[in-house]
Amino acid sequence: MITVQEYLSEKGCEEDLARLICLIAEQAGPIRRAFISNQRYAASLNTSGEVQAEMDTWSDRHLTQQLAASGLVSRIASEEQDEVFECNASFGKYSVVMDPLDGSSLIAVNLAVGTIVGIYEGCSVLRKGKEMKAALYLLYGPMTTLTLSIGSGVALFSLDDDGRYLLMEDTIRMPEGTIYGSGGERPKWTKKHASFIAALEAEGAKSRYSGSFVADFHQILKYGGLYAYPAALGKPDGKLRLVFEAQPIGFLAREAGGRISNGSTDILEIMPEKVHQKTPIYVGSRGIIERLEALQE
Ligand SMILES: O=P(O)(O)OC[C@H]1O[C@](O)(COP(=O)(O)O)[C@@H](O)[C@@H]1O
Ligand SMILES: [Mg+2]
Ligand SMILES: [Mg+2]
């Protein structure tokens with residue numbers, strides 16, 4: 001099995017981008033080791049108004065320090081920071097968008113959580129998702145895995161005991177699948193969302209929803225199906241963020257032959273206006289997303 005460094009070199013990945021990807025992937029070790037002493041909630045709220053878990057702020061600080069020290073990054077947009085962090089605005093080749101710890105509500109119950117990262121060339125963090133140079137997520141499950149795309153398909157790596165990420169699967173293709181996970185409170189689902197989920201269930205779809213976007217999406221990437229965090233009555237933009245969650249995950253979904261939509265439009269075509277803006281998310285098998293977008297309101 002080849003390492004992530006060898007994979008990136010074989011794909012002809014630009015050297016500094018490869019260095020940045022490996023630097024980020026290497027932070028899985030320190031982040032995993034930090035869980036045992038960061039089990040509680042901090043006394044602070046993030047810009048989305050969510051109580052921050054200690055692991056949210058720990059991971060955010062740690063990743064920001066590593067990225068700023070690398071000399072490769074000009075700006076960072078983080079779910080856990082109000083403002084865009086200016087690193088080396090004049091030197092850094094790349095800008096990073098990140099959800100340092102995704103699935104925070106599951107930390108206290110030891111379920112799989114992750115880190116989501118998108119990388120753009122240049123110094124702007126408000127870009128269309130399709131312009132991403134790389135997207136990745138780390139998944140802290142029974143194994144620590146890195147799911148990565150640099151625009152030539154999606155590859156999966158597992159971290160071994162020697163700290164190497166070994167290639168487990170290359171060019172992952174998302175099948176048309178029959179599992180779905182939907183966030184939000186069912187009584188507050190819109191009629192369109194509720195009837196779409198009911199149609200999937202009538203066709204035998206099974207619900208798989210843990211409360212961790214990264215873990216729930218990883219199942220969809222492998223088995224096919226649908227992950228949704230929809231608009232709800234009183235919450236027209238849903239819960240998840242366009243820049244830190246939807247764009248990187250959507251880039252990976254599309255690279256695997258899947259699609260991501262806000263219910264009517266390809267999210268990778270949307271130009272963000274604000275760093276912390278939210279969006280309804282439907283991500284999964286191409287056929288399912290195309291069926292959804294063909295539905296009338
Ligand atoms: O608890 P809910 O409302 O089901 O929301 C779960 C969703 O919220 C999230 O935890 C939000 O992400 P963060 O944990 O990074 O804030 C997603 O990972 C998950 O899909
Ligand atoms: Mg998240
Ligand atoms: Mg988070």
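Both ligands and their constituent atoms are indexed starting at 1 by order of listing.
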Between Arg286 and Glu290, is there a side-chain N and carboxylate O pair less than 4.0 Å apart? yes

Could Glu79 and Lys239 be called an ion pair, given the rule that one side-chain N must be under 4.0 Å from one carboxylate O? no

Using distance alone, with no hydrogens and no angle criterion, decide if [X] and [Y] have a side-chain donor and acceptor under 3.5 Å apart.
X      : Y      : answer
Asp60  : Ser78  : yes
Tyr94  : Glu14  : yes
Asp216 : Ser210 : yes

At less than 2.8 Å, how many protein N/O/S atoms surround the Mg ion (ligand 3)? Leave waters out. 3

Let me know which protein residues bring a heavy atom to under 4.0 Å of ligand 1; chain then number is fine for ordering. Glu50, Glu79, Asp99, Leu101, Asp102, Gly103, Ser104, Tyr209, Gly211, Ser212, Phe213, Tyr227, Tyr229, Lys239, Leu240, Arg241, Glu245

Could you tell me which non-hydrogen atom of Ile2 sits nearest to which non-hydrogen atom of Glu10, and how far apart they are? CD1-OE1, 3.9 Å

dist Leu101:CG -> Ile107:CD1 (nearest 0.5 Å) comes out at 4.5 Å

Would Met132 end up clustered with Phe244 when hydrophobic side chains under 4.5 Å apart are linked, directly or stepwise? yes

Determine whether the aromatic ring centres of residues Tyr209 and Tyr180 are separated by less than 6.0 angstrom. no

